[in-house]
Amino acid sequence: MRNIKHTGHSAVGRFFVKLLVFLLIFLVLASGLGMLLPVGPGGRHVRQVFHEFREAGDDVDILFVGASRFYRGVDTPALDKQLGTESYMLSSAGQRLMDSYYVLKEVYETATPEVVVLDVGIKRTCEDMDDFGMESFYRIYGNLRPSLNKAAYFFSRVPFDNYLIGLFRCFANPYDLLESPLDAVKTRLSTSYREYDPAPIRTSNSHYGGRGYFPVDKTRLDKEGGKVRFKDWQAEKAAFNEYYINQCIELCRQNGSKVVLINMPLTVGSVRGTADYDDYLAFGQRMAQADDVFFCDFSMLKHEIFAPVHSYFYDSYHMSGKGAEACAPVLAETIAGSLDESKWFYQDSASLMDASPYVFNTWLVDNKDGTVTANAYAPPGSAVEYRFFYAPVAANGEAQPEYALAREYAAEPTVALADMLNGQAPNKYTIRVEARLVGSGEDFEQAGKLKVTWN
């Protein structure tokens with residue numbers, strides 16, 4: 001009788017051993033490549049706020065959860081000074097309402113804030129999965145603790161065909177690995193990074209203010225002119241986010257937290273430039289009534305309560321540090337439940353614009369005939385005056401030259417380039433216009449820019 005050898009099981013076993021070795025090598029290499037990815041202020045900011053929140057333990061009175069309009073516009077130190085509270089912010093750039101839900105699920109594993117303030121800004125309620133990018137996912141996923149909640153977040157948030165780049169950010173854009181790999185490793189190994197030193201969390205015009213607050217020190221509204229930086233109200237996408245708003249509210253209630261829904265201030269021009277803005281207001285009010293929570297759109301605040309002046313905004317969508325400081329008393333009253341809705345808010349967007357004592361958008365148009373014309377949105381029946389400046393366009397890598405005054409304030413909105421640039425060398429110039437209501441007393445209320453070629 002022949003001796004028959006059974007080699008099948010050993011072959012299968014060797015295959016799985018090789019597969020396991022391959023996966024281990026792959027994981028080590030992928031993790032190592034992740035160390036080479038750039039470490040920017042945004043990533044350090046989110047890492048810092050999660051760390052600070054965990055260090056606080058259950059000593060959290062107020063928690064803000066949302067996107068960049070929260071961490072730019074909510075001055076947590078000023079708020080705590082007024083209310084005598086301990087507030088923190090788990091907000092990140094581009095954070096969606098789906099993201100916020102999974103952030104809150106992790107929050108309640110270790111803490112029970114008395115009040116949760118949820119960002120329900122118009123952009124966050126007008127996007128569905130087709131609009132979601134991976135960057136906002138990476139910021140949150142990388143800072144969640146290993147748990148079933150983190151796994152559920154991954155499978156809910158990441159499409160099947162993106163599982164690999166969801167797990168390993170280094171494969172999302174391999175060119176990022178070549179940007180500054182040695183600096184990235186050096187940063188991750190530095191004492192300041194390992195010990196969560198907030199000092200390096202800054203940019204050329206912003207700094208970290210503590211407890212999630214990351215204010216901007218300057219405004220760039222004049223670079224945007226009449227543009228609106230976000231989408232119009234889209235009712236068909238609101239249902240997707242309504243589900244997650246309800247999930248957040250229910251989760252907070254189950255844990256005994258009061259919920260406040262907030263839309264931080266927009267410029268009046270941004271409200272005007274958003275189609276069907278009143279439909280968004282109706283959506284928020286319906287949500288509040290159905291769930292018995294408070295919804296507050298700070299864009300509708302009466303101007304004697306909060307004046308949306310130019311210096312209060314970094315751009316048409318985010319507040320500046322100065323604006324956040326000015327808004328803090330209103331936010332404190334809102335959280336304390338002592339504001340009077342009938343006295344504090346305009347009822348609709350038309351009432352807001354009719355009552356605005358300011359120019360609320362300004363921009364320039366090149367008429368292609370050697371002249372430029374300034375335009376402005378202003379309250380009906382009001383008179384606007386303009387002044388003009390010019391400066392050569394900055395060369396690559398150079399600072400913007402100082403502006404020279406071309407014409408003082410006057411009602412005429414059109415100026416000839418020949419008059420403005422008389423005696424200047426042929427070049428590309430940036431024309432800046434500043435606008436204000438006649439008799440307002442403001443230095444200027446809005447500004448716009450335009451690049452022209454002067455031959």
Side-chain angles (χ1 to χ4, degrees), residues 58 60-67 69-70 73-74 79 83 85-91 95-109 111-128 233-265 276-302 305-306 327 329-349 351:
D58 198 26
V60 180
D61 300 315
I62 305 169
L63 178 66
F64 293 86
V65 182
R69 294 182 65 218
F70 262 22
V74 177
L79 185 70
L83 294 176
T85 53
E86 296 285 331
S87 60
Y88 289 83
M89 191 156 9
L90 291 179
S91 298
Q95 187 178 136
R96 271 64 177 187
L97 284 156
M98 172 193 274
D99 303 330
S100 297
Y101 170 65
Y102 288 98
V103 168
L104 282 170
K105 289 190 73 174
E106 173 151 319
V107 163
Y108 285 116
E109 293 176 4
T112 308
E114 294 181 18
V115 180
V116 171
V117 184
L118 186 65
D119 179 1
V120 292
I122 185 168
K123 181 177 180 180
R124 276 170 46 95
T125 53
C126 287
E127 293 184 330
D128 58 17
W233 172 246
Q234 299 179 62
E236 68 277 8
K237 294 189 176 184
F240 174 83
N241 293 292
E242 184 174 359
Y243 169 79
Y244 281 101
I245 293 173
N246 286 326
Q247 290 290 95
C248 289
I249 292 172
E250 183 59 28
L251 179 63
C252 293
R253 279 186 172 155
Q254 289 173 359
N255 288 276
S257 300
K258 173 186 173 182
V259 183
V260 179
L261 309 178
I262 294 283
N263 179 34
M264 294 301 287
D276 303 319
Y277 194 89
D278 289 341
D279 289 345
Y280 164 69
L281 291 176
F283 169 82
Q285 291 159 359
R286 178 174 59 79
M287 288 284 300
Q289 292 170 0
D291 293 303
D292 193 25
V293 297
F294 185 65
F295 165 71
C296 181
D297 183 354
F298 281 2
S299 300
M300 292 291 113
L301 283 167
K302 290 187 176 179
I305 304 297
F306 177 79
C327 191
V330 181
L331 189 56
E333 295 280 351
T334 302
I335 292 172
S338 55
L339 84 171
D340 187 333
E341 289 187 70
S342 62
K343 294 181 180 179
W344 282 34
F345 296 94
Y346 297 110
Q347 297 303 306
D348 52 39
S349 57
S351 301

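- Rounding to the nearest 0.5 Å places OH of Tyr346 at 9.5 Å from CE of Met300.
- Under the 4.5 Å side-chain criterion, counting only non-hydrogen atoms from C-beta, Tyr108 is in contact with Ser257.
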* Could you walk me through whether Val116 and Asn255 pass the side-chain contact (heavy atoms from CB on, under 4.5 Å) check? -> CA-CA 11 Å; Val116 171; Asn255 288 276; over 6 Å; no
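- With sequence neighbours excluded, the residues forming a ring pair (Phe, Tyr, Trp, His ring centres under 6.0 Å) with Tyr102 are Tyr153, listed by chain and number.
- Leu104 places a side-chain heavy atom less than 4.5 Å from the side chain of Leu63.
- Taken to the nearest 0.5 Å, the CG atom of Leu301 stands 7.5 Å off from the CZ atom of Phe306.
- Residue Pro113 forms a side-chain contact (heavy atoms from CB on, under 4.5 Å) with just one option from Val65, Thr85, Asp58, Val107, and that option is Val107.
- Two residues are said to be in side-chain contact when any heavy atoms from C-beta on lie closer than 4.5 Å; Val117 and Met89 fail this criterion.
- Only one option out of Lys237, Arg286, Gln247 pairs with Glu242 in a side-chain hydrogen bond (donor to acceptor under 3.5 Å, both in side chains); it is Arg286.
- In this structure Tyr88 satisfies the ring pair (Phe, Tyr, Trp, His ring centres under 6.0 Å) test with no other residue, sequence neighbours excluded.
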* To do: Could you give me the CA-CA distance, side-chain angles and deciding distance for Gln95 and Phe70, then say whether side-chain contact (heavy atoms from CB on, under 4.5 Å) is met?
  => CA-CA 10 Å; Gln95 187 178 136; Phe70 262 22; over 6 Å; no
* To do: Please assess Asp297 against Phe345 for the test side-chain contact (heavy atoms from CB on, under 4.5 Å), listing each intermediate value before the final yes or no.
  => CA-CA 8 Å; Asp297 183 354; Phe345 296 94; 5.8 Å; no
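- Remark: Cys248 SG to Met98 CE distance equals 11.0 Å, nearest 0.5 Å.
- Between the side chain of Asp61 and the backbone N or O of Glu86, at least one donor-acceptor pair lies under 3.5 Å.
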* To do: Walk me through it: do Phe294 and Thr334 pass the test side-chain contact (heavy atoms from CB on, under 4.5 Å)?
  => CA-CA 9 Å; Phe294 185 65; Thr334 302; 3.6 Å; yes
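- At a threshold of 4.5 Å between non-hydrogen side-chain atoms, the residues Phe64 and Ile335 count as touching.
- Remark: the Ser349 side chain and the Asp278 side chain contain an N/O donor-acceptor pair separated by less than 3.5 Å.
- Contact between Asn263 and Tyr277 at its shortest, heavy atoms only, is ND2-OH, 3.2 Å.
- Without hydrogens or angle criteria, Arg69 side chain to Pro265 main chain gives a donor-acceptor distance under 3.5 Å.
- The closest side-chain heavy-atom distance from Asp348 to Ser351 is below 4.5 Å.
- Checking side-chain atoms of Lys343 against main-chain N and O of Lys302 turns up no donor-acceptor pair under 3.5 Å.
- In plain terms, the two heavy atoms of Phe295 and Leu281 that are nearest each other are CE2-O, 4.1 Å.
- In this structure, the side chains of Ile245 and Phe283 come closer than 4.5 Å at one or more pairs of heavy atoms.
- At distances below 3.5 Å, at least one donor-acceptor pair connects side-chain atoms of Ser100 with backbone N or O atoms of Arg96.
- Not a single donor-acceptor pair under 3.5 Å links the side chain of Arg124 to the backbone N or O of Gly66.
- With Asp119 contributing its side chain and Ala67 its backbone, the two residues share a donor-acceptor pair below 3.5 Å.
- Atoms CD1 and CE, from Ile249 and Met287 in turn, are 5.0 Å apart once rounded to the nearest 0.5 Å.
- Once rounded to the nearest 0.5 Å, the distance linking CG of Asn241 with OH of Tyr101 reads 15.0 Å.
- For the atom pair CG of Leu331 and CG of Leu83, the computed distance is 8.0 Å after rounding to the nearest 0.5 Å.
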